[in-house]
Amino acid sequence: MTKMPVGILGGTFDPVHHGHLRLALETLELAGLDHVRMVPLHTPPHRGQPVAAPEQRREMLRLALEGIDSLILEDCELRREGVSYTIDTLQEIKACMPDRHLCLIMGMDALQSLNTWHRWRAIPKSAHIIVVERPNETMRETEPGVAALLGSAATTDSAVLQEKESGAILRIRIPALDISSTRLREMFASGQDPRFLLPSQVLEFIYHENLYVSEQT
Ligand code: ATP
Ligand code: MG
């Protein structure tokens with residue numbers, strides 16, 4: 001029997017919150033994944049610098065994932081440093097686990113701008129994509145190249161992830177948790193109480209490090 005596929009969930013995780021963790025867990029269960037590797041990026045190609053340092057974002061994820069066997073901290077982008085490109089990450093992970101099918105997990109918003117990603121056409125050659133519809137998402141128009149990919153590769157049958165090596169796009173919906181790191185950073189800056197939106201051990205770390213105290217979001 002072929003081994004179960006592996007999920008890859010990239011993000012800034014600035015900070016990690018329960019929206020990320022539920023996303024990983026629900027996707028794991030719906031798509032029948034072996035585990036999900038959570039990949040904090042080092043330097044984003046498309047947005048401003050994260051507020052917390054790479055080491056702090058790694059530590060927050062480590063604390064959040066402690067004791068959860070099916071969610072694994074993958075720090076290859078932090079170790080590579082510089083601008084983080086998903087295609088490099090997929091190839092690096094694939095080299096470590098050549099007999100696994102990789103499934104890149106992303107929101108519909110991210111999929112719609114896939115054409116702006118570095119070497120984007122190589123991505124569905126290296127992995128499957130699991131597209132998750134995120135709460136309160138406003139749909140933009142999909143770029144024709146991405147729309148064509150979606151049209152030819154979209155499926156709702158998770159068995160494909162195991163049958164094929166790469167190239168499928170599995171669409172799933174998960175219950176909405178309207179939490180974002182942006183809102184959390186705003187809450188910290190304005191002194192609101194962010195309890196129950198993120199793991200308590202992450203919250204303690206943020207207070208201990210005096211993170212997110214300024215208005216910078
Ligand atoms: P920011 O507000 O700084 O953009 P974020 O909360 O969107 O942070 P990211 O690190 O950018 O977090 O997200 C990583 C991944 O998790 C992305 O694919 C994003 O779509 C997804 N994600 C984040 N929050 C949620 C949520 N509440 N529900 C479902 N998916 C989420
Ligand atoms: Mg985001």
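Both counts, for ligands and for their atoms, begin at 1 and track the order of listing.
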Carboxylate-amine/guanidinium contact R62 E55, below 4.0 Å: no
Ligand-residue contact atoms, ligand 1 with R185, heavy atoms, under 4.0 Å: 3 (O)
Partner residues of D193 under the side-chain hydrogen bond (donor to acceptor under 3.5 Å, both in side chains) criterion, sequence neighbours left out: R195
Within-cut-off N or O pair, L177 and ligand 1, under 3.5 Å: yes
D109-ligand 1 polar pair, N/O distance under 3.5 Å: no
Modelled atom types, side-chain donor and acceptor of E143 and Q112, under 3.5 Å: no
R47 to ligand 1, any heavy atom closer than 4.0 Å: yes
Close-contact set for ligand 1 against S180 heavy atoms, below 4.0 Å: 2 (O), 6 (O)
Any donor-acceptor N or O pair under 3.5 Å, side chains T89, R80: yes
Evaluation steps, side chain to side chain contact (heavy atoms under 4.5 Å, CB included), between H17 and S181: CA-CA 7 Å; H17 53 68; S181 300; 3.3 Å; yes
Proximal ligand 1 atoms for G11, defined as those under 4.0 Å from one of its heavy atoms: 10 (O), 14 (C)
Any residue meeting side-chain hydrogen bond (donor to acceptor under 3.5 Å, both in side chains) with D157, in chain and number order, not counting sequence neighbours: none
Min heavy-atom dist H18 to ligand 1 below 4.0 Å: no
Sidechain-backbone polar pair: R57 side chain, L41 backbone, donor-acceptor under 3.5 Å: yes
Non-hydrogen atom of L23 closer than 4.0 Å to ligand 1: yes
Result of checking H42, R58, R37 against D75 for side chain to side chain donor-acceptor pair (under 3.5 Å): R58
Any N/O pair M106/ligand 1 closer than 3.5 Å: no
G10 near ligand 1 by a heavy-atom separation under 4.0 Å: yes
Numbering as shown, the atoms of ligand 1 that approach T182 to under 4.0 Å (heavy-atom distance): 1 (P), 2 (O), 3 (O)
Heavy-atom donor-acceptor pair, S113 side chain to T116 backbone, under 3.5 Å: no
Contact check: D178 vs ligand 1, nitrogen or oxygen atoms, below 3.5 angstrom: no
Heavy atom of R183, distance to ligand 1 below 4.0 Å: no
Numbered atoms of ligand 1 (with element) below 4.0 Å of G19, judged on heavy atoms: 26 (C), 27 (N)
